[in-house]
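Notes to accompany the following structure.
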Amino acid sequence: MARKKRTMPAAEVYEKSDSFGQLPSAPPISPHRMDHIYPDSYGSPPPLHQAYHVQPARANYVPDQIARFNVIKPDRLAKRHNPQLYTKRGCTDVFCCFLFFVFLCGWVVVASLGIMWGDPQRLIYPTDSEFRRCGVDQGGYYNFSKRPYLFYFDLTKCISYATALGGCQTTQICVEECPSQYFSYLQLRTASAAEIQNKMKNVVYCTDDVDKSTVTTFVALQSLVQRGKCVSYTVKSVPVLQRCFPEAIFNAVDNVNTVLNSSNSLDYLKRTFGDDALIPQDIQITGQSSEVMKSVVEDQPVTHKVIHDLSQTWWQTLILIFAAGMLSFIWTVIMRLLGSLLIWLSIFLVLGALGFGAGFSWIKWNKLKATGAIDDYSFHPAFDAYFEMPTTWFVVAIATSVLLVIFLLVILFIRQRISIACALISESSKAIGSMMSTLVFPLFPFLLHIGVFALWGSIAIWLASSGQEICRMKETNGQVYNTSTKCDCNAKLAGCTYVGIEKESDTIFWLQVYNLFAFFWLSCFVTALGDIALAGAFASYYWARDKRHDVPTFPVIRALNRAMRYNLGSIAFGSLIIAIVKIIRVMLEYIDHKLGKSENKAVKWFLMCLKCCFWCLEMFFKFLTKNAYIMIAIYGKNFFSSAKDSFLLITRNIVRTVVVHKVAGILLFLGKAMITLGMGILSFYYFSGRWVVEGVPKVDLYYYFVPIVIVVIGSYFMADLFFDVYEMAVDTTFICFLEDSEQNDGSLERPYFMSQKLLEILGTKNEIPLHTK
């Protein structure tokens with residue numbers, strides 16, 4: 001029998017042969033093996049005087065240890081070689097899971113208190129600052145049947161985080177009709193007593209405890225305004241849901257020049273009569289710039305026109321948004337096929353732009369110097385004059401040349417890492433292509449987010465409407481005081497007067513804080529659950545030796561099942577950290593709002609720095625927890641261990657990390673920008689009537705930009721839905737690649753699981769090639 005031919009430099013197995021006679025010398029291959037694999041009949045290296053056949057080892061050899069996986073049933077790997085599926089897992093961060101469950105029970109208690117104490121009708125039907133319902137006749141206590149509308153003294157104070165905690169921080173009263181003109185109390189500085197009385201009766205709004213007939217001087221009016229008893233300004237308003245809102249938001253009945261240049265403008269009133277910091281600007285009230293106001297100048301209400309446009313274009317809008325989803329899917333395929341080309345093309349375009357800019361600047365500078373142009377950097381109304389000076393082009397030439405050299409050196413230094421990033425993006429595209437369910441899965445956490453938001457909003461409404469109606473008996477002088485005897489509001493006794501609603505303000509405030517924190521925690525929990533499910537699916541693809549057979553069926557569902565079975569505590573832990581930072585940011589915003597009128601600049605700067613620091617901290621924790629969830633999905637360890645391992649892994653490969661994230665960011669940005677802009681341009685040409693589709697009826701619209709805006713927003717969110725999955729695929733594949741390259745060495749015991757392309761880039765190989773197609 002002849003010696004078998006060696007087919008590859010793989011691990012070999014020696015088999016004893018009795019068919020040879022006595023050989024004069026030992027074979028040229030040393031029988032002492034580094035992998036210590038010998039036939040079963042030998043427990044030690046065979047003697048040198050016997051001959052052996054050399055055969056390639058089996059490609060399905062199962063090593064005892066793969067990376068950091070703790071495989072509990074190695075025999076299963078022979079059937080499906082995917083260590084991520086069979087690694088030992090246990091319940092992690094059990095205390096945090098218990099804490100999360102207890103907190104949810106507390107949230108149920110808060111909701112129960114809100115239901116017991118609250119009455120949402122107080123919010124559905126507007127109530128004033130003393131919780132009296134507008135448009136209601138409360139049987140002998142108060143009669144607001146002729147005052148159906150709620151008027152806000154300063155609507156700008158309602159636009160703040162503080163509104164979610166303590167309600168709108170401005171005086172609110174019930175009025176017979178909404179303001180019909182622009183007015184500033186500063187107009188009455190030089191007015192006579194008769195003029196002041198006339199304005200007090202017809203224009204100025206005050207609380208019920210103010211006797212308007214006694215106000216005859218500007219000083220008295222100013223005192224009431226500063227104490228919040230009378231309004232400092234009014235704007236032309238319309239009732240919406242029985243509440244007065246600025247008409248400029250909804251209607252376009254004002255001529256533009258009138259709005260901007262006449263007394264129908266707060267800015268005009270401030271310029272004419274002065275400003276005491278109590279009167280906001282027009283843009284703060286309407287939230288719209290003068291350019292937007294110029295586009296709505298017809299008599300019919302804008303809301304009616306918008307509703308008409310939407311009713312005419314709803315199906316075309318849905319089709320275009322659905323088309324954006326199809327384009328997003330096609331873009332994932334393009335990134336798989338042409339990802340490397342797009343990345344290198346973008347790099348060369350930047351280099352070309354910098355090179356052209358530098359060359360043009362040097363040529364322009366040389367030309368101006370040759371013609372004897374001089375520098376004159378005094379003020380010139382015509383900005384183009386500065387570009388006729390040689391020094392300007394000299395500075396531009398130096399700046400672009402320096403940027404070109406720096407960019408070129410950086411590209412030369414990290415070119416291999418860019419190649420790795422391209423290969424990882426290609427591998428991520430293959431993973432998504434083989435697990436199409438990952439593109440549909442984000443709908444599940446999206447629906448959960450809607451449910452969490454609805455639950456938080458419902459509880460917040462019940463808590464905000466909580467309180468007990470208080471009635472007190474009139475004193476002998478006919479007045480009612482806080483010390484007057486309480487009476488039953490439902491008994492309708494003679495002399496029993498409705499005072500208002502009594503609520504535990506501090507208690508309600510902290511219950512609202514609890515409710516808001518629960519919303520943050522549960523919302524972050526849902527996001528984390530979606531991330532860890534996708535990460536588990538993509539990790540199961542990477543760690544499959546044979547991508548055709550070793551990737552599990554229903555990978556997303558299996559990953560979600562593992563997360564819910566073992567890692568709820570870790571998910572609760574990570575989401576708790578982010579929720580704490582979020583609630584601190586909200587409390588800082590609330591404190592800043594409470595100190596809004598403070599003149600202490602040091603306090604304001606300190607709060608601004610704190611808000612900036614906690615924003616940065618939130619971004620860092622989001623990055624940290626996301627990578628921790630990926631490690632949890634791979635190995636099933638607790639949150640702290642996973643966060644530490646992922647953070648150290650990234651810091652050891654910081655340059656690779658930056659390059660991969662930037663390169664992936666370029667591709668995702670190009671995809672989102674091209675899809676969003678493309679659908680925007682397409683919808684513009686269609687809805688504006690410039691592109692007529694045969695067989696599709698042309699629609700006549702008041703504002704063709706309304707469906708265009710909806711298509712652009714919908715296309716962006718559709719693209720973002722797809723690319724969020726793609727981003728998670730890239731992040732997971734990158735973490736797995738770093739683990740693979742650090743923990744394995746390509747030997748039979750520790751083979752690489754990365755693709756052949758990545759192996760070629762790293763300049764290494766496996767002793768036994770893996771099936772990757």
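Here the straight-line distance linking atom OG of S437 with atom CD1 of I432 works out to 11.0 Å at 0.5 Å rounding. Taken to the nearest 0.5 Å, the CD1 atom of I577 stands 11.0 Å off from the CH2 atom of W521. Between the CG atom of L529 and the CG atom of L448 there is a distance of 7.5 Å, given to the nearest 0.5 Å. The distance from the CZ atom of F573 to the CG atom of L568 is 15.0 Å, given to the nearest 0.5 Å. Expressed to the nearest 0.5 Å, how far CZ of F684 lies from CE of M679 amounts to 15.0 Å. To the nearest 0.5 angstrom, L320 atom CG is 10.0 Å from L327 atom CG.
Contact annotation: the side chain of F734 approaches that of T657 to within less than 4.5 Å [non-hydrogen atoms, C-beta and beyond]. Considering only heavy atoms from C-beta on, H661 stays 4.5 Å or farther from R656 through its side chain. Counting heavy atoms from C-beta on, the side chains of T527 and D531 come closer than 4.5 Å. Annotation: side chain of I650 is in contact with side chain of I735 (closest heavy-atom distance under 4.5 Å). Counting only heavy atoms from C-beta outward, the side chains of W107 and L455 approach each other to under 4.5 Å. Residues F737 and E427 have side chains not in contact (no heavy-atom distance under 4.5 Å, counting atoms from C-beta outward). Considering only heavy atoms from C-beta on, I630 comes within 4.5 Å of N627 through its side chain. Inter-residue side-chain proximity for K765 and Y752 is flagged as unmet; no heavy-atom pair is nearer than 4.5 Å.
When atom types are taken as modelled, the side chain of R558 and the backbone of P552 share no donor-acceptor pair closer than 3.5 angstrom. A donor-acceptor pair under 3.5 Å is absent between the side-chain atoms of T732 and the main chain of A729, judged by distance alone. Between the T676 side chain and the A673 main chain, no donor and acceptor come within less than 3.5 Å of each other. The backbone N or O of A643 sits less than 3.5 Å from a side-chain atom of S646, completing a donor-acceptor pair. Between the side chain of T733 and the backbone N or O of V730 there is no donor-acceptor pair closer than 3.5 Å. Side chain of W615 to main chain of R585: no donor-acceptor pair is present (N/O by atom type, distance under 3.5 Å, no hydrogens or angles). Put simply, the side chain of S641 never gets that close to the backbone of K637: no donor and acceptor are under 3.5 Å apart. The closest donor-acceptor contact from the side chain of Q512 to the backbone of A460 lies under 3.5 Å.
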### Task
Carefully, step by step, assess Y726 and S429 under the rule side-chain hydrogen bond (donor to acceptor under 3.5 Å, both in side chains).
CA-CA 8 Å; Y726 199 90; S429 300; 2.5 Å; yes
### Task
Dump the intermediate steps for ring pair (Phe, Tyr, Trp, His ring centres under 6.0 Å) on F614 and F620, then the final yes or no.
CA-CA 10 Å; F614 276 98; F620 171 75; over 10 Å; no
#### Entry: Test side chain to side chain contact (heavy atoms under 4.5 Å, CB included) applied to V709 and I713, step by step
CA-CA 6 Å; V709 170; I713 295 175; 3.7 Å; yes
### Message
Between F538 and S428, is the side chain to side chain contact (heavy atoms under 4.5 Å, CB included) condition met? List the steps.
### Response
CA-CA 8 Å; F538 293 126; S428 301; over 6 Å; no
### Query
I459 and L511: side chain to side chain contact (heavy atoms under 4.5 Å, CB included), yes or no, with the steps?
CA-CA 10 Å; I459 297 174; L511 289 178; over 6 Å; no
### Query
Under the side chain to side chain contact (heavy atoms under 4.5 Å, CB included) criterion, do F517 and K582 qualify, and how do the steps go?
CA-CA 8 Å; F517 182 74; K582 282 180 174 291; over 6 Å; no
### Task
Show your reasoning for whether side-chain hydrogen bond (donor to acceptor under 3.5 Å, both in side chains) applies to S642 and D645.
CA-CA 5 Å; S642 300; D645 292 342; 5.9 Å; no
### Message
One pair to check against salt bridge (Lys or Arg N to Asp or Glu O under 4.0 Å): K611 and D592. What are the steps and the verdict?
### Response
CA-CA 10 Å; K611 288 191 288 185; D592 188 27; 2.9 Å; yes
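Within 6.0 Å of the CE atom in M674, the count of heavy atoms belonging to other residues, nucleotides or ligands does not exceed 12.
Side-chain contact annotation: S570 with D93, donor-acceptor N/O pair under 3.5 Å present. Side-chain contact annotation: D740 with Y542, donor-acceptor N/O pair under 3.5 Å present. Defined by atom type and a distance below 3.5 Å, a donor-acceptor pair is present between the side-chain atoms of Y635 and E739.
Here D720 pairs with K672 in a salt bridge; the nearest charged N to carboxylate O distance falls below 4.0 Å. Looking at R652 and E742, a side-chain N of the basic residue comes within less than 4.0 Å of a carboxylate O on the acidic one, giving a salt bridge.
Between F444 and F441, the ring-plane angle classifies as tilted under the 30° and 60° cut-offs. In this pair, F100 and F525 present their aromatic rings parallel. The plane angle is below 30°, not in the 30 to 60° band. Classified by interplanar angle (parallel below 30°, tilted 30° to 60°, perpendicular above 60°), the ring pair Y514/F103 is parallel.
For the pair V725 and T438, the tightest heavy-atom approach, listed with the atom from each and the gap, is CG2-O, 3.5 Å. F639 and G574 make their closest contact through CE1-CA, 3.6 Å (heavy atoms, listed as atom of the first residue, atom of the second, distance). When all heavy atoms of G114 and L463 are compared, the pair lying nearest together is CA-CD2, 3.7 Å. Scanning all heavy atoms of the two residues, the minimum distance from P707 to T317 falls at CB-OG1, 4.0 Å. Shortest non-hydrogen contact noted between A537 and A559 is N-CB, 3.7 Å. Looking at every heavy atom in both residues, N744 comes nearest to F753 through ND2-CD1, 4.1 Å.
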